[in-house]
Amino acid sequence: MSTDNNQVRVRFAPSPTGYLHVGGLRTALFNYLFARKEGGKFILRIEDTDQKRSITGALENLITTLTRTGLHYDEGPDIGGDFGPYIQSERLDIYKEHIQKLLDSGHAYYCFCDEDRLERLREDQRSRKIPPMYDGRCRNIPKEEVADKLAQGLPFVIRLRYPKEGKTVFDDIVRKRVAIDNSQVDDQVLIKSDGFPTYHFASVVDDHLMKITHIIRGEEWLSSVPKHIFMYEAFGWDVPVFVHLPLLLNSDRSKLSKRQGDVSVESYLEKGYLTEALINFIALLGWHSADDREIYSLSELAEVFSLDRINKAGAVFDMEKLNWMGGTYIRQMEVSYIADQARRFFEEAGIDISNNEKYLKVIATARDYVYCLSMTVEHARMFYDSLTFSEDDRALLAQEDSMRILSYMMSALEGRKKWLPDDVSALVKQAIGELGIKGKGFYFPLRLALFGNCHGPDIPTLVDILGRDEALRRLADAMK
RNA sequence: GGUCCCAUCGUCUAGCGGUUAGGACGCUGGCCUCUCACGCCGGAAACCGGGGUUCAAUUCCCCGUGGGACUACCA
């Protein structure tokens, strides 16, 4: 597994919080697409440096979900790679080694302030309307005093000694040139009192060691870039290319959150949105090709994707359009593929689909009505469960014309064992002619008897799916 | 509050000085059809405001307004 020096290497670095956020999926997707487009490597790294938030099973779930969406990575915790380990909690020694360098060079310092003091400090600053920031109390403690406190076993954190003068100017592929005053940048905690690194420190160290060339992540990180650049330079490392993606938004334009609907990829998968549709939809949030085309497979996206067509403005996650795309995909894919994907939903619902020929026909019909696979079950029930009629339904079926239609159809169907759709079609025409009942007057009672609803597929399709015997049974039932 | 980012139909977006401002979702009219759905055809719908620059601004610059993000020993 050799890597040449200018090969693109990107990473998706989620923290295992229990589920994969759709915003995370978008970030993963753009990283994946860029890697594929450039013939580079896509790496999965787990950022589990917050012990308080670590959740058991979250890692496995994350990997399963990512794999299900087809975003296969080249290196990661479960498959390894040349730059592991790929889980930050397993890299503590590496961080320890690197923080010492920063300590030695004076780019970082020990801080013994406890959280109470920090909290009071922030409160005071807020009330005085000044930006809440560390006041630098421990910035210049003499070496001997530090050694003494350490020897006493006092709890400490390690902070970045960030310069307060000047400004940091950097380039971002999406934002172009960004300038931030150094006075606005805090002395970020790099190592927490539990010995774990914070995001800022761990990601800089890991991105360098893993030879990451492009950091593609959400816009919420934009304002912390100066801290990161400062660390790269303190270590004497090359600074990677930054690509800050526009945020995914709720319909009220706030950052997409759990409170306003489903944000977990799993929940969409559970409802049976096709991963192809979900990926395609997500790809169009913040990125667009030069032409008007909108339907792309994952591999097609990888061919046309480019960073310079990423938008700046946040994008509202619009369920209506997702649903449209879901339906479009379900109709566009092979029936057999949809049938395979939908199978588990039928099994969960306890519907016997062992008759595969029938099942395929049911799916072929149901897919015109749905945008996710779980919906096919509801549209298929009429073909499997026995029908129930409302009072109004009963009243319609009991009408004299209805009875004439049903008994006519019954005796006709009984007359022959094998009925092809064309034959049923001809029979229907004949019935209409002989009974002198046409249009809805004819079709509604008949469809109600066969399907349990006046609205739905045409009669030949219904008979074809049900089969002659079941159709007869239903006609008889409806006449009771 | 401070800093940073952003701004074309309701939503996702095309546009990179001169266009009847294009497409998609949704909405809507029609066609297909016994109905529903699918599908097809059409319609309404946008350049946040004010200054500049320019022969010419949706497009470039500035200010304003609005929205968002960040402002933790969370990521």
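Basis for what follows: all heavy atoms, side chains included, without hydrogens, waters or symmetry-related copies.
In terms of phosphate contacts, A:K312 brings no side-chain nitrogen or oxygen within less than 4.0 Å of OP1 or OP2 of B:C5. Checking the phosphate oxygens (OP1, OP2) of B:A72, no side-chain nitrogen or oxygen of A:R159 falls inside 4.0 Å. For A:K167, no side-chain nitrogen or oxygen approaches OP1 or OP2 of B:C4 to under 4.0 Å. Listed pair A:K440 / B:C36 fails the phosphate criterion, with no side-chain N or O lying under 4.0 Å from OP1 or OP2. For the pair A:R217 and B:A75, the criterion of a side-chain N or O lying under 4.0 Å from OP1 or OP2 is not met. Between A:R122 and B:C73, a side-chain N or O to OP1/OP2 separation shorter than 4.0 Å is present. Under 4.0 angstrom from either OP1 or OP2 of B:C12 there lies at least one side-chain N or O belonging to A:R253. In this model, the phosphate group of B:U71 is not approached by any side-chain N or O of A:K129 to a distance below 4.0 Å at OP1 or OP2. Residue A:T49 places at least one side-chain N or O under 4.0 Å from the OP1 or OP2 atom of B:A75.
Spacing of C1' atoms, B:A45 relative to B:G23, comes out at 14 Å, to the nearest Å. Only the P atoms considered, B:C9 is 28 Å distant from B:G2, to the nearest whole Å. Across B:G22 and B:A14, the matching C1' atoms stand 6 Å from one another, rounded to whole Å. For the P atoms, the distance from B:C38 to B:C25 is 12 Å, rounded to whole Å. Comparing B:C5 with B:G15, their P atoms sit 22 Å apart, to the nearest whole Å. Remark: the separation of the P atoms in B:A57 and B:A44 is 27 Å, to the nearest Å.
For A:D172 and A:R177, the salt-bridge test fails: no basic side-chain N is under 4.0 Å from an acidic carboxylate O. For A:E47 and A:R45, the salt-bridge test passes: some basic side-chain N is under 4.0 Å from an acidic carboxylate O. Between A:K176 and A:D171, no side-chain nitrogen of the basic residue sits less than 4.0 Å from a carboxylate oxygen of the acidic one, so the salt-bridge criterion is not met.
Pair check for B:C27 finds B:G43; Watson-Crick or G-U wobble, both atom distances under 3.5 Å. In this entry B:G66 has B:C6 as its Watson-Crick or G-U wobble partner, both defining distances falling under 3.5 Å.
Comparing B:C5, B:C38, B:G1 against the side chain of A:V178 picks out B:C5 as the nearest. Of the candidates B:C12, B:C38, B:A69, B:C38 carries the atom nearest the A:R331 side chain, counting heavy atoms from C-beta on. Checked against B:A69, B:G23, B:C74, the side chain of A:T198 finds its nearest nucleotide in B:C74. In the set B:C12, B:C34, B:G22, B:G22 carries the atom at the smallest distance from any side-chain atom of A:D292. Proximity note for A:R447 (side chain, C-beta onward) versus B:C73, B:G1, B:U35: the nearest is B:U35. For A:S15, the listed nucleotide lying nearest its side chain is B:A75; candidates were B:A75, B:G1, B:U11. Nearest to the side-chain atoms of A:H455 among the listed nucleotides B:C36, B:C73, B:A72 stands B:C36. Distances from the side chain of A:L247 to the nucleotides B:G68, B:U35, B:G15 place B:G68 closest. Ranking B:C34, B:A75, B:G68 by closeness to the A:R53 side chain, first place goes to B:A75. If you check B:G1, B:C12, B:A75 against the side chain of A:E220, the one that comes closest is B:A75.
In this model, a donor atom of one side chain and an acceptor atom of the other lie less than 3.5 Å apart for A:D393 and A:S390. Side chains of A:N140 and A:Y109: no donor on one and acceptor on the other come within 3.5 Å. Side chains of A:E266 and A:N61: a donor on one and an acceptor on the other come within 3.5 Å. Side-chain contact annotation: A:Q188 with A:Y199, donor-acceptor N/O pair under 3.5 Å absent.
Between the NZ atom of A:K227 and the P atom of B:C4 there is a distance of 15 Å, rounded to whole Å. In this structure, A:N311 atom CG and B:U13 atom P are separated by 5 Å, rounded to whole Å. Rounded to whole angstrom, the span from the CG atom of A:L160 across to the P atom of B:C73 amounts to 13 Å. For the pair A:F242 CZ and B:C4 P, the computed distance is 18 Å after rounding to whole Å. When the C1' atom of B:C12 is taken as reference, atom CG of A:L248 falls 11 Å away, rounded to whole Å. Between A:I229 atom CD1 and B:C4 atom P the separation is 15 Å, expressed in whole Å. A:E119 places its CD atom 13 Å from the P atom of B:C74, with the value rounded to the nearest Å. If you take CD1 of A:I46 and P of B:A75, they are 14 Å apart, rounded to a whole angstrom.
When heavy atoms are screened at a 4.0 angstrom cut-off, A:E115 is found touching base atoms of the nucleic acid. If you check every strand for non-hydrogen atoms under 4.0 Å, A:Y369 touches a base. At the heavy-atom level, A:V157 lies under 4.0 Å from base atoms of the strands shown. In this structure, A:G286 reaches the sugar-phosphate backbone alone: every heavy-atom distance under 4.0 Å involves primed, P, OP1 or OP2 atoms, never a base. If you check every strand for non-hydrogen atoms under 4.0 Å, A:G314 touches sugar and phosphate atoms only. Across all strands shown, A:K438 has no heavy atoms under 4.0 Å from either base or sugar-phosphate atoms. As judged by a 4.0 angstrom heavy-atom cut-off over every strand, A:D50 is placed among residues touching the sugar-phosphate backbone only. Residue contacts for A:A179: at a heavy-atom cut-off of 4.0 Å it reaches the sugar-phosphate backbone alone, with no base atom in range. Base contact: A:E294 has a heavy atom under 4.0 Å from a base atom.
Aromatic pair A:Y359/A:F346: centroids less than 6.0 angstrom apart. For A:F444 and A:H455, the distance between ring centers is under 6.0 angstrom. Under the 6.0 Å cut-off for aromatic ring centres, A:Y162 and A:F230 qualify, their centroids lying closer than that.
On a pure distance criterion of 3.5 Å, no polar donor-acceptor pair joins the side chain of A:K255 and the base of B:A69. With hydrogens and angles ignored, a donor-acceptor pair closer than 3.5 Å exists between the side chain of A:S193 and the base of B:C73.
Along RNA chain B, the nucleotide closest to A:P457 and the one closest to A:P14 are compared, and the more 5′ of them pairs with A:P457. Taking for each of A:H288 and A:K176 the nucleotide of RNA chain B with the nearest heavy atom, the 5'-most of the two is the partner of A:K176.
The side-chain ring of A:Y443 is stacked on the base of B:C34, judged by centre separation under 5.5 angstrom and plane angle under 30 degrees.
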